[in-house]
There are 2 protein chains.
Amino acid sequence: MESSEVRASGYWYGDDPEARTGVDALNALRRYRVAETAMRRRTRSALRMNETDMMALRFIVNAEREARAVSPKDLAGYLGISSASTTVLVDRLVASGHLSRAKHPSDGRAVVLAVTPTTHADMQETFGDMHRRMMAVARQLDAHEATIVTSFLEQMSHAVSHEEK
Amino acid sequence: MESSEVRASGYWYGDDPEARTGVDALNALRRYRVAETAMRRRTRSALRMNETDMMALRFIVNAEREARAVSPKDLAGYLGISSASTTVLVDRLVASGHLSRAKHPSDGRAVVLAVTPTTHADMQETFGDMHRRMMAVARQLDAHEATIVTSFLEQMSHAVSHEEK
DNA sequence: GGCAGGTCGCTAGGCCGGCTAAGCACTTGG
DNA sequence: CCAAGTGCTTAGCCGGCCTAGCGACCTGCC
């Protein structure tokens with residue numbers, strides 16, 4: 001209904017062809033989401049793995065980075081799936097050689113999960129470059145710009161979360 | 001590895017407590033994604049519907065807004081699922097009273113999909129407020145800010161899409 | 001010390017939503 | 001006017017989630 005005024009607010013940027021409006025920013029945000037979703041799908045199919053399995057591996061890799069042990073229960077909580085589904089998920093990842101199960105040193109019921117060295121390297125390779133590119137873009141922002149971007153995204157998060165009227 | 005310098009670049013904002021860095025912006029982007037994902041899950045469960053069905057309805061509603069007829073084939077293409085799955089999806093949505101099938105006026109093979117008035121209203125109600133809130137945030141940006149935000153998001157999209165080295 | 005109740009992970013079985021293959025109804029080009 | 005193409009559907013399969021329920025183990029109370 002308001003598409004006719006989309007480009008109407010260049011009043012103080014004059015007719016700078018680079019001038020953008022808030023609506024452009026909104027569209028860019030939508031496009032980013034699409035790009036990210038596509039990236040996830042690509043990664044998933046490249047590694048022959050579903051989204052949940054991906055997230056599980058990333059979670060465990062990150063936990064290992066800070067020397068934190070991960071149990072199936074932790075994983076289930078993080079992923080928001082049942083413990084039964086988690087068992088099957090871990091089975092899959094063990095079968096595909098990405099993960100190993102080990103007994104918990106002090107609790108006989110518990111299991112400690114660890115990624116195999118190969119997988120650790122694969123994850124690094126798969127996400128390392130992308131993460132570096134994103135970081136490079138982020139670092140280009142000066143404090144002024146970072147504040148604007150951060151504030152915009154925080155407000156958008158709020159707009160999206162705000163279920164109460 | 002670089003967490004120790006996260007807040008180190010406030011050099012020209014001085015010690016303004018509001019000053020942010022690119023890394024903050026990156027984190028805000030990640031948080032936005034989480035918020036959006038959560039919103040989708042909430043909506044889905046509120047409407048007792050899966051993600052694909054949601055997207056299908058939104059697609060059809062938007063198409064109707066611009067008086068464009070939607071066939072199952074169009075839907076399949078948009079959603080990236082097979083025509084068989086689309087048939088079943090349409091069956092579901094017709095059964096739940098969200099959608100109706102009608103014969104195409106000139107092509108006897110084709111089907112035209114339309115949402116029921118109730119659904120149209122429901123969708124409006126469900127997404128209307130959120131969309132308005134997002135639009136309100138977007139409109140607060142002046143051209144300068146919008147340019148910064150848009151450029152950041154475009155570069156991030158690129159960073160994420162860039163699969164070729 | 002030993003048992004009652006809680007916790008952890010597993011197995012079994014069901015459902016949902018995707019897929020491919022194949023078929024039917026209709027359109028269209030030679 | 002029929003052969004090939006197109007749109008949608010049906011049939012049957014599979015992956016990944018779920019709940020229910022089990023055995024092994026831990027722990028707090030007597």
Side-chain angles (χ1 to χ4, degrees), chain A residues 37-38 40-60 63 68-96 98-114, chain B residues 37-38 40-60 63 68-96 98-114:
Chain A
T37 302
R40 282 168 182 269
R41 200 176 49 239
R42 258 185 285 119
T43 306
R44 232 174 43 187
S45 76
L47 275 68
R48 303 288 181 82
M49 203 175 291
N50 68 41
E51 185 68 28
T52 313
D53 293 10
M54 276 313 325
M55 286 179 66
L57 284 185
R58 296 183 75 166
F59 178 67
I60 298 174
R68 188 160 42 79
V70 175
S71 71
K73 183 188 174 68
D74 299 333
L75 201 50
Y78 174 71
L79 296 173
I81 64 178
S82 70
S83 75
S85 302
T86 305
T87 295
V88 179
L89 177 151
V90 171
D91 285 347
R92 265 197 309 272
L93 292 177
V94 168
S96 61
H98 291 295
L99 222 56
S100 69
R101 277 188 176 97
K103 279 183 185 296
H104 189 284
S106 61
D107 187 335
R109 298 164 302 178
V111 164
V112 175
L113 303 173
Chain B
T37 303
R40 283 168 182 268
R41 200 178 48 240
R42 257 185 285 117
T43 307
R44 231 174 46 187
S45 78
L47 276 67
R48 302 288 180 82
M49 203 174 290
N50 69 41
E51 185 69 29
T52 314
D53 292 9
M54 278 309 325
M55 286 177 66
L57 284 185
R58 295 183 77 167
F59 177 68
I60 298 172
R68 188 160 42 79
V70 174
S71 71
K73 183 188 172 70
D74 299 332
L75 201 50
Y78 174 71
L79 296 172
I81 63 178
S82 69
S83 72
S85 303
T86 304
T87 295
V88 180
L89 177 151
V90 171
D91 286 346
R92 267 199 306 275
L93 292 177
V94 168
S96 60
H98 292 295
L99 223 55
S100 69
R101 277 188 175 96
K103 281 184 185 296
H104 189 284
S106 60
D107 187 336
R109 299 163 302 177
V111 164
V112 174
L113 303 173

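Numbered from 1 within each chain, the chains take letters A, B, ... in sequence-line order.
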In whole Å, what is the span from the CG atom of B/Leu75 to the P atom of C/dG18? 11 Å
D/dC8 phosphate, OP1 or OP2: any side-chain N/O from B/Thr87 under 4.0 angstrom? no
To the nearest Å, give me how far apart CG (B/Leu93) and P (C/dG17) are. 10 Å
Looking for any heavy atom pair under 4.0 Å, which part of the strands does A/Thr86 touch: base, sugar-phosphate only, or nothing? nothing
Length of the NZ-P vector between B/Lys73 and D/dG5, whole Å: 14 Å
Looking only at the side chain of A/Ile81 (C-beta and beyond, no hydrogens), which of the listed nucleotides C/dG9, D/dC18, D/dG16 gets closest? D/dC18
Between A/Ser85 and D/dC18, is there a side-chain N or O to OP1/OP2 distance below 4.0 Å? yes
Return the value, rounded to whole Å, for the distance between atom CG of B/Asp53 and atom C1' of C/dG18. 12 Å
Which one, C/dC8, D/dC8, C/dG18, comes nearest to the side chain of B/Val111? D/dC8
Shortest side-chain distance from A/Arg101, nucleotide among D/dT19, C/dG9, C/dC10: C/dC10
Would you mind reading off the distance between A/Asp74 atom CG and C/dG9 atom C1', rounded to a whole angstrom? 13 Å
Closest non-hydrogen atom pair between B/Asp74 and B/Ala69, with its separation: OD2-O, 3.7 Å
In whole angstroms, how far is the P atom of D/dC8 from the CG atom of B/Leu99? 13 Å
Side-chain contact check for A/Ser83: nearest option of D/dT10, C/dC10, C/dG17 is C/dC10
Give me the distances for all protein-to-nucleotides 25-28 of chain D N/O pairs that come in under 3.5 Å?
from	atom 1	to	atom 2	distance (Å)
D/dC25	O3'	A/Gly108	N	3.4
D/dC26	OP1	A/Gly108	N	2.6

Quick one: does A/Asp53's side chain get under 4.5 Å of A/Leu93's, heavy atoms only? yes
Phosphate OP1/OP2 of D/dC18: any A/Ser82 side-chain N/O under 4.0 Å: yes
Does a side-chain heavy-atom distance below 4.5 Å link B/Thr43 with B/Arg40? no
Hey, are the side chains of A/Pro72 and A/Thr87 touching, using non-hydrogen atoms and a 4.5 Å cut-off? no
Using every non-hydrogen atom in the two residues, find where A/Phe59 and A/Arg68 come nearest and quote the distance to one decimal. CZ-NH1, 4.3 Å
Side-chain heavy atoms of A/Leu57 within contact of A/Leu99, under 4.5 Å: yes
Partner of A/Asp107 under side-chain hydrogen bond (donor to acceptor under 3.5 Å, both in side chains), chosen from A/His104, A/Lys103, A/Arg109: A/Arg109
Minimal non-hydrogen separation, A/Val70 against A/Ala63, with atom names: CG2-CB, 3.3 Å
In whole angstroms, the gap separating P of C/dC16 from CD of B/Glu51 amounts to 18 Å
Look at the side-chain N and O atoms of B/Arg44 and state whether any lies under 4.0 Å from the OP1 or OP2 oxygen of C/dG17. no
Can you tell me the distance, in whole Å, between the CE atom of A/Met49 and the P atom of D/dG15? 16 Å
Between C/dG17, C/dG9, D/dA11, which nucleotide has the shortest distance from any of its atoms to the side chain of A/Pro72? C/dG9
